[in-house]
Amino acid sequence: CTIHVFSTLESSESFIDGISKGGNNVVINLVNRAQIIAYDILMRYPLYRVADRFDKNISVLVVGAGTIGMEFAKAAMWCGVMNDYKFKIRILDTTDRESEFRMKYPYFDDELKNIGWNIDYKFGVVDVNSSDFNQMLGIYGDVNYIVIATGDDELNINVASRVRRYYLKKCIRDGVPTGDNKLIEFNEPFIIPVISNADYYHILDKSAPDSNLCPYGSHSNIYKSETVNEWPVDVFARGIHNQYNDEAKRRDPNAYTSEYDDNSQTIKRSNRTNAVHILYKLKDIGIDMRRSYIGKDGDLQKKEQADEAKMLAMGYKPLEDRETLFRYLNNNKKVLSDLCKLEHNRWCVFELLDGWASWSVDEVKKVYASKFNSNSCADEYDHKQKNALLHAAIVSNQNLPEVSQALKQDRHNLVDYDEIVTAYIWKKGDGFFDKVDSFIKNEKDYVLKIYYDPSMLSFDEK
């Protein structure tokens, strides 16, 4: 029996995890609309996609920091954990959301320093219908990715239209003529108004199909059987979880493992965030992907040719042989190390925004004094304290092996977590690329096309 619970309440995860399932035949699936919208947007419209036109600077503006807006802002912070791209985010609301943020995460800035990472983020209080809002837009002139989620569909549409006109005027005035009587080239920010009503959504979606104004979040986007039963993010998350289980069993046949659906809601969400970030990891090492049209429709063919021309203009080349990529990722130790470190940083930011805090080795040993006094290392999960939300692995990549040695008597024990889940990307048979293929095959006349940046990846296709 599967019971689907629809809720955006913060307490819903703990509440569901605390319910007695009455045996192994009941699964309770939490469907959180705010998280689905945030994660879907970040996968369908990656932050880096528009940043390529802005010297790899990701500059996000969130207008409206209620349930959906704040969920997106937090997800954008861990999605923006990339080495090759700079990231900053500005969050505006009519309410002082910074005070709420500081209340929930009082040591966030200090913890970021502890892991050796920095996030450029700021909050602002402004009425979107006031002249102060225009002044804010002027201050944030370099914004290139905008999400508007005020909680009111009409207001979201109006604000999106005003914001687009504002930045369009700015871009045109700042544009540089290309010569030969061609139109001025300019870079327009990508704008996503969150629209719930299906009628509003379809009208706005069809009104400017080629523009950078792209609505999302309609009930028709979210409340459908695919999301409830086979949400792509969950498919990838399940694969990551299975990858971890397989590796645990390989190392210890007696190791405890659980099915994905039997995990706590928090663990499921952790796997989901890992799944969303796969695209960002690949982009960070020079891999980009597109859903490519191969049918006979003339208009779609022209669009496909234009999209590929943009990729080639950025210096990317088509990757014809996927095995080449897999061999490269398996054999290039530096790339593997960079990916694992990136995953650790992303995981740390996610944990901090989930309310967790770092837990020093001395504090851990104090709690488990009897074990360490008897020269015994802590058990598998003794490096974290769930009730207090303390975790010893929330440290910098540089310090992680030392923490692992002190608590597990093995420098690689805690580091291995990042390596295991990252390896899902190039797993054969049931890995990330295979799952993407299976989704696209359901869409007639479309295939997955992979591009690579030769300045970042030095493998020889031949």
Tell me if the centroids of the rings in Tyr216 and Tyr201 come within less than 6.0 Å of each other. no
Show your reasoning for whether side chain to side chain contact (heavy atoms under 4.5 Å, CB included) applies to Phe108 and Tyr121. CA-CA 11 Å; Phe108 183 64; Tyr121 72 99; 3.5 Å; yes
Closest contact, heavy atoms only, Leu414 versus Ser404: N-OG, 3.1 Å
Is it the case that the side chain of Asp55 and the backbone of Asn57 share a donor-acceptor pair, with hydrogens and angles ignored and the cut-off at 3.5 Å? no
Is it true that Glu363 and Lys366 make a salt bridge, defined as a side-chain N closer than 4.0 Å to a carboxylate O? no
Between Thr273 and Arg346, a side-chain donor and acceptor under 3.5 Å: yes
For the side chain of His277 and the backbone of Val81, is there at least one donor-acceptor N/O pair under 3.5 Å apart? yes
Quickly, which of Asn397, Asp418, Asn83 forms a side-chain hydrogen bond (donor to acceptor under 3.5 Å, both in side chains) with Asn345? Name it, please. Asn397
Donor-acceptor check, side chain of Ser161 to backbone of Ile157, threshold 3.5 angstrom: yes or no? yes
Might you work through the salt bridge (Lys or Arg N to Asp or Glu O under 4.0 Å) test for Lys334 and Asp338, ending with a clear yes or no? CA-CA 6 Å; Lys334 184 182 184 306; Asp338 289 345; 2.9 Å; yes
Check ion pair Lys427-Asp246 (N to O, under 4.0 angstrom): yes
Test item: Ser292 side-chain N/O and Lys449 main-chain N/O as donor-acceptor pair under 3.5 Å: no
Say whether, by atom type as modelled, one donor and one acceptor occur between the side chain of Arg90 and the main chain of Leu61 under 3.5 angstrom. no
For His241 and Tyr244, I'd like to know if the aromatic rings sit close, meaning centre-to-centre distance below 6.0 Å. no
Within a 6.0 Å radius of atom CD on Glu259, are there more than 12 heavy atoms belonging to other residues, nucleotides or ligands? no
Please report the C-alpha distance between Arg269 and Tyr39 in whole Å, then the side-chain angles of each, then the deciding distance to 0.1 Å, and finally whether the side chain to side chain contact (heavy atoms under 4.5 Å, CB included) criterion is met. CA-CA 10 Å; Arg269 184 159 46 81; Tyr39 295 3; 3.5 Å; yes
Hey, is the main chain of Leu9 close enough, under 3.5 Å, to the side chain of Ser7 for a donor-acceptor pair? yes
Pair Ser196-Arg33, side-chain donor/acceptor within less than 3.5 Å: yes
Determine the interplanar angle of the Phe72 and Tyr145 rings, folded into 0 to 90°, and report it as parallel if under 30°, tilted if 30 to 60°, perpendicular if over 60°. parallel
Let me see the working for Lys104 and Asp354 under salt bridge (Lys or Arg N to Asp or Glu O under 4.0 Å), right down to the final yes or no. CA-CA 9 Å; Lys104 292 180 180 178; Asp354 214 33; over 6 Å; no
If you compare all heavy atoms of Met70 against all heavy atoms of Ile91, which two are closest, and at what distance to 0.1 Å? CE-CD1, 4.5 Å
If you compare all heavy atoms of Tyr167 against all heavy atoms of Pro189, which two are closest, and at what distance to 0.1 Å? CB-CG, 3.6 Å
Compute whether any side-chain donor of one residue and acceptor of the other, for Thr150 and Asn156, lie under 3.5 angstrom apart. yes
Short question: side chain of Asn242, backbone of Arg238 - any donor-acceptor pair under 3.5 Å? yes
Donor + acceptor pair across side chains of Asp17, Ser14 (<3.5 Å): no
Does Glu226 offer a backbone N or O that forms a donor-acceptor pair with the side chain of Asn229 under 3.5 Å? no
Counting only heavy atoms from other residues, nucleotides and ligands, does the tally under 6.0 Å from CZ of Phe15 exceed 12? no
Ion pair check, Glu98 and Lys122, cut-off under 4.0 Å: no
Salt bridge (Lys or Arg N to Asp or Glu O under 4.0 Å) assessment of Asp262 paired with Lys268: CA-CA 9 Å; Asp262 294 333; Lys268 286 182 182 178; over 6 Å; no
In terms of ring plane angle, is the pair Trp78 and Phe350 parallel, tilted or perpendicular, where the classes change at 30° and 60°? perpendicular
Could you check whether atom NZ of Lys341 has more than 12 heavy atoms from other residues, nucleotides or ligands sitting under 6.0 Å from it? no
Is atom NZ of Lys86 surrounded by more than 12 heavy atoms (other residues, nucleotides or ligands) closer than 6.0 Å? no
How are the rings of Tyr48 and Tyr85 set relative to one another: parallel (under 30°), tilted (30 to 60°) or perpendicular (over 60°)? tilted
Check whether the side chains of Asn32 and Thr8 place a donor and an acceptor atom closer than 3.5 Å, and report yes or no. no
Taking NZ, NE, NH1 and NH2 as the nitrogens, is one of them in Asp430 or Lys435 under 4.0 Å from a carboxylate oxygen of the other? yes
Under-4.0 Å salt bridge between Asp52 and Lys283: yes
Within a 6.0 Å radius of atom OH on Tyr260, are there more than 12 heavy atoms belonging to other residues, nucleotides or ligands? yes
Classify the ring geometry between Phe190 and Tyr45 as parallel (under 30°), tilted (30 to 60°) or perpendicular (over 60°). tilted
Does atom OH of Tyr107 have more than 12 heavy-atom neighbours from other groups under 6.0 Å away? no
Between Trp356 and His391, does the ring centroid distance fall short of 6.0 Å? yes
For Val62 and Ala73 the tightest heavy-atom approach is CG2-CB, 4.3 Å
Any salt bridge between Asp437 and Arg322, counting N to O under 4.0 Å? yes
Please determine whether a side-chain nitrogen of the Lys or Arg among Arg272 and Asp234 lies less than 4.0 Å from a carboxylate oxygen of the Asp or Glu. yes
Looking at Gln398, I want to see if its CD is surrounded by more than 12 non-hydrogen atoms of other residues, nucleotides or ligands under 6.0 Å. no
Quick one: does any side-chain atom of His344 pair with a main-chain N or O of Val395 as donor and acceptor, under 3.5 Å? yes
Parallel, tilted or perpendicular: which fits the ring planes of Phe432 and Phe236, with parallel below 30° and perpendicular above 60°? tilted
Does a side chain donor of either Asp96 or Ser99 reach within less than 3.5 Å of an acceptor in the other side chain? yes
Please check: side-chain N/O of Asn144 versus main-chain N/O of Ser59, any donor-acceptor pairing under 3.5 Å? yes
On a heavy-atom basis, which atom in Ile240 and which in Tyr424 lie closest, and how many Å separate them? CG1-CD2, 3.5 Å
Assess the side chains of Glu13 and Ser264: does a donor N or O sit below 3.5 Å from an acceptor N or O? no
Please determine, by modelled atom types, if Lys408 and His383 share a side-chain donor-acceptor pair under 3.5 angstrom. yes
CD1 of Ile115 to CD1 of Ile394: how many Å apart, nearest 0.5 Å? 8.0 Å
Is a salt bridge present between Lys428 and Asp434, judged by a nitrogen-to-oxygen distance below 4.0 Å? no
Can you confirm whether or not the ring centre of Phe123 sits under 6.0 Å from the ring centre of Phe101? yes
How far apart are the closest heavy atoms of Tyr200 and Asp153, and which atoms are they? CD1-CB, 3.8 Å
Between the side chains of Ser220 and Ser218, does any donor sit under 3.5 Å from an acceptor? yes
Worked check of salt bridge (Lys or Arg N to Asp or Glu O under 4.0 Å) between Lys56 and Asp84: CA-CA 7 Å; Lys56 295 188 175 182; Asp84 203 44; 2.4 Å; yes
Any heavy-atom pair between the side chains of Trp426 and Leu336 that's under 4.5 Å? yes
